[in-house]
There are 2 protein chains.
Amino acid sequence: MDHLPLDRVIEGDCRQILASLPDRSVDMIFADPPYNLQLGGELTRPDNSKVDAVTDAWDKFASLADYDAFTRAWLAECHRVLKDDGTLWVIGSYHNIFRVGAALQDIGYWILNDIVWRKANPMPNFKGTRFTNAHETLIWCAKSPEARYTFNYDAMKALNEDLQMRSDWLLPICSGGERVKTDGQKAHSTQKPEALLHRAILAASNPGDVILDPFFGSGTTGAVAKRLGRHFVGIEREPRYIRVALERIGAVTPLDAKAQAVTTSRKAEPRVPFGSLVEAGIVQPGTVLVDPSRRHSARVRADGSLATRDASGSIHQIGAHVLGAPACNGWTFWHVEHKGQLVPIDAFRQQVRAQMSAAA
Amino acid sequence: MDHLPLDRVIEGDCRQILASLPDRSVDMIFADPPYNLQLGGELTRPDNSKVDAVTDAWDKFASLADYDAFTRAWLAECHRVLKDDGTLWVIGSYHNIFRVGAALQDIGYWILNDIVWRKANPMPNFKGTRFTNAHETLIWCAKSPEARYTFNYDAMKALNEDLQMRSDWLLPICSGGERVKTDGQKAHSTQKPEALLHRAILAASNPGDVILDPFFGSGTTGAVAKRLGRHFVGIEREPRYIRVALERIGAVTPLDAKAQAVTTSRKAEPRVPFGSLVEAGIVQPGTVLVDPSRRHSARVRADGSLATRDASGSIHQIGAHVLGAPACNGWTFWHVEHKGQLVPIDAFRQQVRAQMSAAA
DNA sequence: CAATCAGGTGAATCGACTC
DNA sequence: AGAGTCGATTCACCTGATT
C-alpha cells in the first residue's frame with residue numbers, strides 16, 4: 001500500500017498489515033494489544049496451580065519470549081509508520097505492560113508519561129488474596145527525545161477545571177448503553193470506554209489528524225476519532241469484530257467544528273513584537289513602564305526598546321536586568337499607569353491581535 | 001555471612017552484600033533502587049526559581065543495558081535470599097519501572113499487584129509540556145506462583161473504611177517535619193514517606209518478621225519496621241546516609257501490639273470537573289447551555305470549556321463573563337433545556353459522582 | 001492569639017524559532 | 001548546527017513572619 005485507506009478497517013494480522021503501510025504517515029497510534037496472547041492458560045489458572053514446577057518454568061520462559069517477539073514486531077512497525085512528531089499510546093495491565101514498556105524504550109521510543117486509568121468501578125478481588133486490581137496503565141510516548149509532539153495542554157487543563165491534568169485519570173469502565181452487544185451478549189470482552197479515548201485523542205492530536213489502531217476490536221478508537229473530527233485507520237484480525245465496529249462507527253455523527261474546538265495555548269497565537277505597539281501609536285515613545293511593585297521603571301524608546309539609567313534592550317532583557325534574573329517575560333512584567341491602575345502591556349498586545357485577526 | 005545481622009545497616013554495594021547473605025532468610029524485601037532519570041539542563045519554575053533536581057552520582061548509568069545488568073543482578077540475589085513464601089516490593093517511575101518489571105518476570109517472580117502511589121502534592125509540570133507526573137509505581141511480587149505469601153487482607157480493609165484496599169493509594173509526598181535534614185538541607189534527595197512503608201509492611205508481613213532493604217538510604221524502611229515491631233536489615237553504600245538512618249531509627253519507639261493496627265484514612269468527596277461530563281457523553285460537545293432567565297447562552301466544546309460569541313473558558317469563568325460579575329458558580333448557573341424544562345448541570349454532576357464514589 | 005500572607009519546595013527524562 | 005532571543009509556564013502543602 002502506498003497510501004493510507006482513511007476511515008476504514010483493514011482485516012488481517014497487524015504485523016503484516018502495518019508492514020504494508022507507508023513510512024511516517026500517521027499522527028497518532030492507540031494500541032490495546034492482547035495482554036497475554038501466547039501465554040495459554042496463565043490467565044485462567046488459579047494461584048494454587050498443580051502444574052509441575054519445572055515444566056511451568058520452561059513454559060513461562062518460552063511464552064514470555066514469544067510475547068516479547070510479537071510485541072517488538074508490531075511496535076517496531078508502528079515506529080516506522082508514525083510521523084516523526086507523532087505519538088503512540090499503549091494500554092495494558094501488570095501482566096504485559098512492563099514488557100511493552102521495556103520494548104518501547106529498546107526500540108527508541110521516548111516515554112512522555114505513564115498514565116494510570118483508575119477504574120471507578122473495578123471488579124472486586126473475590127478471594128481476598130490481593131489488593132483490588134483497580135487500574136490499568138497507559139504509556140504515552142514520542143518517536144524520539146527530539147520530537148515536537150502535539151500536546152493540547154490548555155485543553156487538558158480546561159477538562160480539569162483549570163488545573164493541570166495529572167497522570168492519574170479516574171474514569172468508569174465501559175458498561176451500560178455504551179457497551180456494544182450482539183444478541184444480548186457483549187460483542188467484545190475488553191471494550192474500552194469512550195471517555196478514555198476522548199481524553200487521549202483530545203490531548204495528543206488535532207482535527208483532521210490520522211489515528212491508527214492496530215488492535216481495533218469493537219472500534220472505540222474509530223468511534224471517538226470520527227466524533228472528534230479525526231480520521232481513523234483500523235486493523236483487526238477477526239471479521240466479526242470488524243462488522244461490529246463498522247456498524248457502531250456508522251451511527252456516530254461528527255461534532256461540528258465549533259464543538260470540536262478546544263482551548264488553545266498562547267504559544268499558538270501570532271507573535272506581536274512590542275515595537276509594533278509603538279508603531280501603531282498604542283504605546284507612545286517616552287512612556288514610563290513600571291513593574292507591579294513599582295520598584296522598577298523603564299522608558300519606551302521609538303524603536304520599541306526600553307531604557308533604564310544604565311541599560312537598554314528588549315522588554316524581556318530589561319525586565320531580567322532590573323530583576324537580576326536570568327529571564328523575564330516582559331509582557332506580563334511591565335505595566336502602564338492608567339487612571340491610577342496598573343495595566344500590563346500584555347493587554348495592549350491582545351488589542352493588536354484582535355485588529356490583526358479582524359483584518360485577516 | 002551465615003546468619004543475618006538483625007536491625008543493622010551493612011555498608012557496601014547491595015549486589016555484593018546480598019551475595020553474602022544466607023538463602024531463604026528474609027520475609028519481605030522493600031527496594032527503592034535508582035530510577036536512572038535522564039534529566040537535561042536545569043529546570044526553572046515560572047517565577048524563575050531553580051528546581052533542585054536529583055543529580056546524585058548513584059542515579060547515573062551509562063546505558064539502558066548497564067541499568068538492566070545492575071537490576072537483574074540485585075533482583076536475582078534477592079530471589080535467593082527471600083524465603084519461599086516471602087514477597088518483594090520495588091518502587092519506581094516510568095523511567096525504570098518497566099525494565100524492573102520485565103526483569104522480575106524473567107527471573108521467575110510472580111507479580112501479585114502493581115500499586116500506584118498517587119501523590120497528593122506532586123511537583124507540577126512547569127513548562128506545560130506533559131501531564132503532571134503525579135504518581136509512582138510499586139510492584140509487589142512473590143517468589144513463585146505457588147507461594148503462600150502473607151497478605152493481611154482484613155488489616156488493609158480496615159485501613160480503607162471497610163472497603164477492599166485498591167491498587168491505587170493516595171498519599172502525600174515526604175515533606176515537613178518528616179523530611180530528614182542535616183544542616184538545614186534535605187539529607188537524601190528521594191526520601192519516601194513513612195505512610196507508604198507503613199501500608200506495604202502492614203499488608204505483607206507480620207510482627208517479628210525480617211524486612212530487608214537493599215537501598216536503605218535515609219532509612220524509612222527501618223524506621224517503620226521498628227515502629228511496627230518487625231526486624232530490619234539495611235544495605236547502603238554511602239556512609240553519610242547510614243549515619244542519618246541510624247540516628248533516625250534510634251529515635252523511633254516501637255508501638256505496642258495493640259497500637260499497630262490503628263490507622264485511618266480519610267475520604268473526601270471527589271471533585272468532578274465539568275470536562276468529565278463531556279468525556280462521559282453525558283453532556284455532548286455543541287450543547288447550548290442557558291441561564292435560568294434564558295438571557296445568556298454558551299456552547300460546550302470538546303474539552304469541557306464554554307464558548308460565547310466573544311470569549312471562552314470554564315463554566316465558572318463564562319458565567320461570570322456574561323453576568324459581568326467577578327465570580328459565578330457555573331454548576332448552578334448553567335442549565336440544559338430538556339423537554340421544555342431547564343435542568344442545572346449540577347444535576348448531571350451528581351450522576352457522575354455516584355459512578356465514581358467507589359473509587360475515592 | 002488567630003488569621004493572613006509571603007516564600008519555599010518536591011524522583012522532572014519540562015521550548016520554539018531565527019539567523 | 002550552534003548561539004541568541006522571544007516569551008510561556010505551577011499545585012499542594014509547609015514554615016515563618018506579619019497583621
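In what follows, every chain begins at residue 1, and chains take the letters A, B, ... in the order their sequences are listed.
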CG of B:L170 versus P of D:dA12: gap in Å, rounded?
12 Å
Say whether [X] and [Y], considering side chains only, have a donor N or O and an acceptor N or O under 3.5 Å apart.
{"X": "A:Q164", "Y": "B:T132", "answer": "yes"}
{"X": "A:D154", "Y": "A:T263", "answer": "no"}
{"X": "B:H135", "Y": "A:D114", "answer": "yes"}

Base-pairing string, 5' to 3', of DNA chain C - Watson-Crick or wobble, under 3.5 Å, | interstrand:
.|||||||||....|||||
So does A:G86 get a backbone contact from the side chain of A:D27, meaning a donor-acceptor N/O pair under 3.5 Å?
no
Do A:W117 and A:W169 have ring centres separated by under 6.0 Å?
no
So the contacted stretch of DNA chain C, first to last nucleotide with an atom under 4.0 Å from a non-hydrogen atom of chain B, runs from C:dT9 to C:dG15
Do NZ/NE/NH1/NH2 and the carboxylate oxygens of B:E194 and B:R227 come within less than 4.0 Å?
yes
Identify whether the distance between the nearest side-chain nitrogen and carboxylate oxygen of A:D85 and A:K83 falls below 4.0 Å.
no
Side-chain N,O ([X]) to OP1/OP2 ([N]) below 4.0 Å:
{"X": "A:H316", "N": "D:dC6", "answer": "no"}
{"X": "A:R349", "N": "D:dA8", "answer": "yes"}
{"X": "A:R266", "N": "D:dA8", "answer": "yes"}

Mind checking if [X] touches a base, just sugar-phosphate, or nothing, with heavy atoms under 4.0 Å?
{"X": "B:D32", "result": "base"}
{"X": "B:A120", "result": "sugar-phosphate"}
{"X": "A:N329", "result": "base"}

For B:D47 and for A:V272, find the nucleotide of DNA chain D with the closest heavy atom, then tell me which residue's nucleotide is more 5'.
A:V272
First encountered from the 5' end of DNA chain D, between B:S175 and A:W331
A:W331
Could you check which residues of residues 58-75 of chain B get a heavy atom under 4.0 Å from DNA chain C? Sort them by number, please.
B:W58, B:D59
Could you tell me whether D:dT15 is syn or anti, where syn means a glycosidic angle within 90 degrees of zero?
anti
5' priority, DNA chain C, between B:I173 and B:H95 [closest heavy atom]
B:I173
